[in-house]
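Beneath this line is the structure, given in structure tokens, with notes to follow.
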There are 2 protein chains.
Amino acid sequence: MTLLEKKVQIFKALAHPVRLGIVEKLAEGERCVCDIAEWFDCDRTTISKHLSILKNAGIIADRKEGLKVNYSLRLTCILPVLECVEGKLLDNLRKEFESCCGMAREDLKTSGGIENA
Amino acid sequence: MTLLEKKVQIFKALAHPVRLGIVEKLAEGERCVCDIAEWFDCDRTTISKHLSILKNAGIIADRKEGLKVNYSLRLTCILPVLECVEGKLLDNLRKEFESCCGMAREDLKTSGGIENA
DNA sequence: TTCCTATATGGCAATATAGGCACATATGCA
DNA sequence: TGCATATGTGCCTATATTGCCATATAGGAA
């Protein structure tokens, strides 16, 4: 597997709402599969498979503790890009809102926005 | 489309060798479709679709210039994660090599490596 | 206008991914 | 040992993605 293919594997692993959700939650700390499964409305075996995909990509690590398996974030350097992307997306939304509703930035800052539009 | 879905769209767009290659190359500067198409061994219509996917995700921007269309990187904050991921992957490879061939780090540093193994 | 070049789009077949069910495995307890 | 709980895997169908071809659109030149 080439370096490019490995990088693609990482992005593929992140390219799913459940898996990205898992990564964002694991940023807060290690969790067992039982906890992770409760965050989403889908079969436990589906969660197992998503965790396996994230683990194979090197994004998370597992640690056995008795019957339970705990997963934690390993590739922490993906967190800054998540923040940045979120910032850009919110910025775009704000700009769209302003141009659509014709409100100046100053208005937004002083009035608080939507309820005065 | 929720924020999570938008983020997933971005990672989906990056989760393809040709598209990730385009992004990495565009980091060096703006290029026309004609240039981009020459980097890869596939149909021009395929390249067009890949560019469209990257554009819809907000990763690249297009600029018309006569007959040609120039594309450039817009979401530059994905570059650091690419570097970091590449660094981690290379680090893993180095560790695997060392443990597999039983070489100490000092040996690698002073001898230069493979030819003395 | 007509022709040419650059790029984009619709359709389709091949391939890949997703998710649930049944089942397998692993660990702890009695 | 036998049983219960936590997690993982194989198989299957539904859905999504990929990439090429044919075709469409857009801009420039004659």
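Numbers restart at 1 for each chain; the letters A, B, ... are given by sequence-line order, proteins then strands. Just so it is clear, the model here is predicted, and its values are computed rather than measured.
The minimum heavy-atom distance linking A/L79 with A/A27 is given by the pair CD2-CB, 3.7 Å. Between A/G21 and A/F40 the shortest heavy-atom distance is C-CZ, 4.0 Å. Nearest heavy atoms, B/V69 versus B/Y71: CG1-CE1, 3.6 Å. Smallest separation of non-hydrogen atoms from A/I59 and A/V23: CG2-CG2, 3.9 Å. Of all heavy-atom pairs spanning B/P80 and B/C77, the tightest one is CD-O, 3.3 Å.
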In a table with atom names and distances, give each donor-acceptor pair under 3.5 Å that connects a side chain of residues 42-54 of chain B to protein atoms at least two apart or in another chain.
{"residue": "B/D43", "atom": "OD1", "partner": "B/T45", "partner atom": "N", "Å": "2.9"}
{"residue": "B/D43", "atom": "OD1", "partner": "B/T45", "partner atom": "OG1", "Å": "2.8"}
{"residue": "B/H50", "atom": "ND1", "partner": "B/R19", "partner atom": "NH1", "Å": "3.1"}

Side-chain donor-acceptor contacts of residues 81-93 of chain B below 3.5 Å, not counting sequence neighbours, with atom names and distances?
{"residue": "B/E86", "atom": "OE1", "partner": "A/K7", "partner atom": "NZ", "Å": "2.5"}
{"residue": "B/D91", "atom": "OD1", "partner": "B/R94", "partner atom": "NH2", "Å": "2.9"}
{"residue": "B/D91", "atom": "OD2", "partner": "B/K95", "partner atom": "NZ", "Å": "3.4"}

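Non-hydrogen atoms lying under 4.0 Å from DNA chain C are contributed by nothing in residues 6-28 of chain B.
Two residues are said to be in side-chain contact when any heavy atoms from C-beta on lie closer than 4.5 Å; B/E24 and A/L4 meet this criterion.
Between A/L54 atom CG and D/dT7 atom C1' the separation is 16 Å, expressed in whole Å. The CG-P distance, from B/D41 to D/dG19, rounds to 11 Å in whole Å. Taking atom CD1 of residue A/I53 and atom P of nucleotide C/dG19, one finds them 9 Å apart after rounding to whole Å. As a whole-Å value, the separation of B/E38 CD from C/dA6 C1' is 13 Å. Protein atom CZ of A/F40 is 15 Å distant from nucleotide atom C1' of C/dA18, rounded to whole Å. When rounded to the nearest whole Å, the span between CZ of A/R44 and C1' of D/dG8 equals 13 Å. Atom pair B/I36:CD1 and C/dA8:C1' shows a separation of 14 Å (rounding to whole Å applied). Straight-line distance from the NZ atom of B/K55 to the C1' atom of C/dA8: 10 Å, rounded to whole Å.
Distances shorter than 4.0 Å separate none of the side-chain N or O atoms of A/H50 from OP1 or OP2 on C/dT17. At least one side-chain nitrogen or oxygen of A/K64 sits closer than 4.0 Å to the OP1 or OP2 atom of C/dT27. Distances shorter than 4.0 Å separate some side-chain N or O of B/Y71 from OP1 or OP2 on C/dA8.
When each of A/R31, A/K55, A/R74 is tested with A/D62 by the rule salt bridge (charged side-chain N to carboxylate O under 4.0 Å, His left out), just one qualifies, namely A/K55.
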Using nucleotides 1-5 of chain C, report all nitrogen or oxygen pairs with the protein that are shorter than 3.5 Å.
none

Check the interface with nucleotides 9-12 of chain C: list each N/O to N/O pair with the protein under 3.5 Å, or write none.
{"residue": "C/dG10", "atom": "O6", "partner": "B/K49", "partner atom": "NZ", "Å": "3.1"}
{"residue": "C/dG11", "atom": "O6", "partner": "B/K49", "partner atom": "NZ", "Å": "2.4"}

Problem - side chain to side chain contact (heavy atoms under 4.5 Å, CB included) between B/I36 and B/W39, intermediate numbers included - result: CA-CA 6 Å; B/I36 296 169; B/W39 300 334; 3.8 Å; yes

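The salt bridge (Lys or Arg N to Asp or Glu O under 4.0 Å) check on A/E65 picks up A/R63, with sequence neighbours excluded.
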